[in-house]
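Notes to accompany the following structure.
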Amino acid sequence: MTLRVVKSLCRHQCRGSMLIIVGLVLILVLLQFFHVVLLSRLEFQEAEAAQRQEEDLIKHDLKKYDRISKILLEKISHTHILDSSGSYTIIENLSVPNSDITDFHEYGEEINVAFATHTTSNNLHHLIQLSKIWDGPISVSVFTYDDDIVSTLHFVAFLKACHPSVHKVTTFHLIFPLRHPPRNARDILNMDIDCKMRPESLITKHRDNYDFDGLEYPHNLLRNVAKKYSKTSFVLICDIDILPSPNLHGDFISFINRWQAVKSEGFTEPIVFVIPAFETKNISEILSTKSDLIRSWGFGSVRPFYWDVCWKCQKFTDYEGWKHLPEIPLLDIGYYIDWQDPWEPYYIADKNVPDYDERFKQYGFNRISQVCEVHIAGYHFAVLNNAFLIHKGFKIPGKFHSAKEEELDRNRNLFRKFKDEMREKYPSTNRQC
Ligand SMILES: *[C@@H]1O[C@H](CO)[C@@H](O)[C@H](O)[C@H]1NC(C)=O
Ligand SMILES: *[C@@H]1O[C@H](CO)[C@@H](O)[C@H](O)[C@H]1NC(C)=O
């Protein structure tokens, strides 16, 4: 219609203009075409660049991994110290944090507390979550033997190369039986690393608790080493699959500074600070505050630690009393508890607290023996309000290994002997356990 009007308006003269219009339209179409081609090329180039960047990143990871691996290998090739029994080798400070955030002056202005723990290569992955929730130093003793060293070092190098939160705060120590020294450690130089790997996929050998190819797990030696080399004035000696409440590190430091001021006004008795422990049904459940915890406790998705496994070992914490403490905005002492057998709470203690008895290995009495000595040595047990620990998963009876009963019997006898020794070591006390 329009065309016909145009045609009738300007018969011959307009032929030129028509050609121009058609030409313009053609150019437009061509331009559009080029635009699309260019755009898709650009997209392609972007994708290529991203790919290259990813490859660079992996190369970077590999480089970092290589560098770290070499340092670790160097460390384990030197001579090392033996434990007091002469049957384990200790490599302290196998790897230290990249920033020195852990210095302290004993009871001076810089008080610090470390999370001190122990593991094998099977549970090193817990450090990733732990280091994100605990923002202070972590000191971890890793038990290894024979060619398990390969997975252990691979895992440590992976954590340090790929997980900055772990790298920033963790000091690793290695402990192995003198008769089962590291074997084929250099194999880690040929191992691949990719920071996108699921950490659990690095576990090469799935073992049950306490099943280490016939070797005994020396909990207490590992705990003492983690404590001794923690570089802090206070330690929370805890299990690697237990998470502290968020801010516990910082809140404890503020608390202890306030408390030291009170202490200098006359409270001179030694003291440990008990952190009530709980367990969650869902291993992924994160609890940020005491009120979150109490809510989930009400639903039954959280319960006091060891509820089904050894309730008498925890109940003296007085969970109901803790729940009903007045709400306060700070970390503070809620109440004191007189120790009773067989209470084995977790606590933050200063480093002068008695060591763990290293004769206890495998299952049974390894922690209670230390708590017992802490009590006999005259310590008070102060339960902290607003602080808690969460074990990932409900502990279920019967999920223990087959040799448990045998080990329990052996350690029960050792514990009897230990108690006799305590009477000799602390002759003037009327405390006992
Ligand atoms: C490990 O660290 C501790 C605490 O800082 C220090 O006293 C010790 O000398 C270190 N040992 C080695 C072998 O570096
Ligand atoms: C466990 O908790 C996580 C994190 O809160 C949630 O995403 C998941 O659905 C929960 N799983 C179950 C079985 O409740």
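Everything quoted here is computed from the prediction, not taken from an experiment. Whatever order the structure lists ligands and atoms in, that order sets their numbers, starting from 1.
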Query raised in the report: Looking only at heavy atoms, which two atoms of Val383 and Pro276 are closest? And how far apart?
Result: CG1-CG, 3.8 Å
Query raised in the report: Which heavy atom in Trp343 sits nearest to a heavy atom in Gln314, and how many Å separate them?
Result: NE1-O, 3.7 Å
Could you list each nitrogen or oxygen of ligand 2 that sits under 3.5 Å from a protein nitrogen or oxygen, with the atom names and the distance?
unit_1   : atom_1 : unit_2 : atom_2 : d
ligand 2 : 2 (O)  : Asn282 : ND2    : 2.3
ligand 2 : 11 (N) : Asn282 : ND2    : 2.9
ligand 2 : 14 (O) : Asn282 : ND2    : 3.4

Query raised in the report: Taking NZ, NE, NH1 and NH2 as the nitrogens, is one of them in Glu92 or Lys75 under 4.0 Å from a carboxylate oxygen of the other?
Result: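 No, this pair does not count.
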**Report entry** Asn93 N/O under 3.5 Å from ligand 1 N/O
**Finding:** yes
Report task. Run the numbers for me: atoms of ligand 1, each under 4.0 Å from some heavy atom of Lys231, listed by number. Result ->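 Ligand 1 atoms under the 4.0 Å threshold to Lys231: 4 (C), 5 (O).
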Report task. Could you list which atoms of ligand 1 come closer than 4.0 Å to a heavy atom of Glu92? Result ->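 Within the 4.0 Å cut-off of Glu92, ligand 1 contributes 1 (C), 11 (N), 12 (C), 13 (C).
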Assess [X] against [Y]: is NZ or CZ under 6.0 Å from the centre of the six-membered ring, and within 45 degrees of the ring's axis?
X: Lys290; Y: Trp322; value: yes
X: Lys323; Y: Trp297; value: yes
X: Arg303; Y: Phe394; value: yes

**Report entry** With sequence neighbours excluded, residues passing disulfide (SG to SG under 2.5 Å) with Cys372
**Finding:** Cys433
